[in-house]
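Please read the structure below before turning to the comments.
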Amino acid sequence: MKPALFIVSLLLLLACSKDESTSAELKANSSRWASKRLVNYTFTQRLNCFCIRGGEKMTVIVQNNQIVDVKDSTGASLPAELQKNYKTIDELFQLIQTTDPKSVAVINVTYDDVLGYPKSIYIDKSEQMADEEIGYDSENVSH
């Protein structure tokens, strides 16, 4: 019985350590991003989902921390109802912060080494369901 108790204790310790390191990584990168004080910027974002225009790279234009336009590869603006699917960098950080790792099957995040913004977010809410996964790939932030 003691080996089983040891294994359970070890697994709980590792789970807590992973949550703490993920939280520390989020905090460090959000601080790095905030230190840049970018409120007007443009970047490329691909929404990875089973949705309209999912998988396509879009140019997201942000002014005063609000998305003012989302354009496809031809330079055409998306309709307003589709633009609502895209997120500012601050909204990406908020998504990561408000997603409880214990309430989803998978959450994976990678950050930009220089500016600290989330380069890739992948969330699978349930392994038992198909097509509910969502992901955001962001790159080429410029101001």
Side-chain angles (χ1 to χ4, degrees), residues 4-143:
L5 182 59
F6 173 75
I7 291 171
V8 170
S9 298
L10 184 60
L11 289 174
L12 288 173
L13 178 63
L14 290 174
C16 291
S17 297
K18 185 175 182 345
D19 287 349
E20 289 171 10
S21 68
T22 300
S23 179
E25 188 177 28
L26 170 61
K27 186 174 181 177
N29 283 292
S30 63
S31 293
R32 183 180 303 156
W33 171 255
S35 74
K36 304 303 180 196
R37 300 177 190 223
L38 297 177
V39 294
N40 301 314
Y41 56 94
T42 301
F43 69 109
T44 304
Q45 188 171 82
R46 179 176 41 225
L47 178 60
N48 297 307
C49 63
F50 189 69
C51 56
I52 297 172
R53 309 292 299 256
E56 293 181 50
K57 285 187 177 182
M58 301 292 174
T59 299
V60 179
I61 302 164
V62 178
Q63 293 178 354
N64 294 321
N65 280 331
Q66 300 291 320
I67 294 176
V68 295
D69 202 3
V70 178
K71 297 183 179 197
D72 66 16
S73 61
T74 69
S77 293
L78 294 185
E81 64 271 8
L82 294 181
Q83 288 191 23
K84 292 177 185 178
N85 295 328
Y86 296 84
K87 298 192 180 296
T88 66
I89 300 298
D90 288 340
E91 290 170 332
L92 292 173
F93 277 116
Q94 184 176 12
L95 173 65
I96 298 164
Q97 188 171 16
T98 59
T99 301
D100 180 2
K102 294 177 181 127
S103 68
V104 296
V106 176
I107 179 168
N108 291 324
V109 181
T110 60
Y111 298 93
D112 181 77
D113 292 334
V114 176
L115 298 176
Y117 65 88
K119 285 177 54 174
S120 176
I121 301 171
Y122 172 76
I123 300 171
D124 183 358
K125 294 178 184 177
S126 171
E127 291 178 339
Q128 310 307 319
M129 293 172 42
D131 302 331
E132 94 305 340
E133 305 89 355
I134 189 149
Y136 295 88
D137 294 327
S138 303
E139 61 186 7
N140 302 323
V141 173
S142 63
H143 52 283

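Heads up: numbering here begins at 1 and tracks the sequence. The structure presented is a predicted model; accordingly, all values stated were derived computationally and were not measured.
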Atom CZ of Phe50 and atom CD of Glu133: how far apart are they, to the nearest 0.5 Å?
10.5 Å
Minimum heavy-atom separation for Tyr86 to Met58, with atom names?
OH-CG, 3.5 Å
For Ile67 and Val70, the nearest pair of non-hydrogen atoms, with its separation, is CG2-CG2, 3.7 Å
Residues Thr88 and Asn65: side-chain donor-acceptor under 3.5 angstrom
no
In sequence, state the C-alpha distance, the side-chain angles, and the governing distance for Asp90 and Trp33, and then conclude on side-chain hydrogen bond (donor to acceptor under 3.5 Å, both in side chains).
CA-CA 9 Å; Asp90 288 340; Trp33 171 255; 3.1 Å; yes
Would you compute the distance between atom CG of Leu47 and atom CD1 of Ile52 and round it to the nearest 0.5 angstrom?
11.0 Å
How long is the gap from CG on Asn48 to OG on Ser120, to the nearest 0.5 Å?
7.5 Å
Leu92 side, atom CG; Tyr117 side, atom OH - distance, nearest 0.5 Å:
10.5 Å
What is the distance from atom OG of Ser30 to atom CD1 of Ile96, rounded to the nearest 0.5 Å?
9.0 Å
Is the shortest side-chain heavy-atom distance between Val104 and Val106 below 4.5 Å?
no
Has the side chain of Asn64 got a donor or acceptor atom that lies under 3.5 Å from a matching backbone atom of Gln66?
no
Indicate yes or no for a side-chain donor-acceptor contact from Gln45 to the backbone of Lys87 under 3.5 Å, with no hydrogens or angles considered.
yes
Salt bridge (Lys or Arg N to Asp or Glu O under 4.0 Å): pairs with one or both residues in residues 134-143, sequence neighbours excluded:
Arg46-Asp137, Lys57-Glu139
Other residues, nucleotides, ligands: >12 heavy atoms within 6.0 Å of Gln97 CD
no
Side chain to side chain contact (heavy atoms under 4.5 Å, CB included) between Asn40 and His143, intermediate numbers included:
CA-CA 6 Å; Asn40 301 314; His143 52 283; over 6 Å; no
List the atom of Lys71, the atom of Asp69, and the distance in Å for their closest heavy-atom pair.
CE-OD2, 2.9 Å
Can you tell if the side chain of Phe43 reaches within under 4.5 Å of the side chain of Val62, non-hydrogen atoms only?
yes
Closest heavy-atom contact between Ser138 and Pro118?
CB-O, 3.7 Å
Donor-acceptor pair, side chain of Asn29 and main chain of Tyr111, under 3.5 angstrom:
no
Closest non-hydrogen atoms of Asp112 and Arg32, given as atom of the first, atom of the second and distance, are O-NH1, 3.6 Å
Taking every non-hydrogen atom, the tightest pair across Val114 and Lys36:
O-CE, 4.0 Å
Straight-line distance of Ile107 CD1 to Thr99 OG1, nearest 0.5 Å
4.5 Å
Ignoring hydrogens and geometry, is there a side-chain-to-backbone donor-acceptor pair from Gln83 to Leu78 under 3.5 Å?
yes
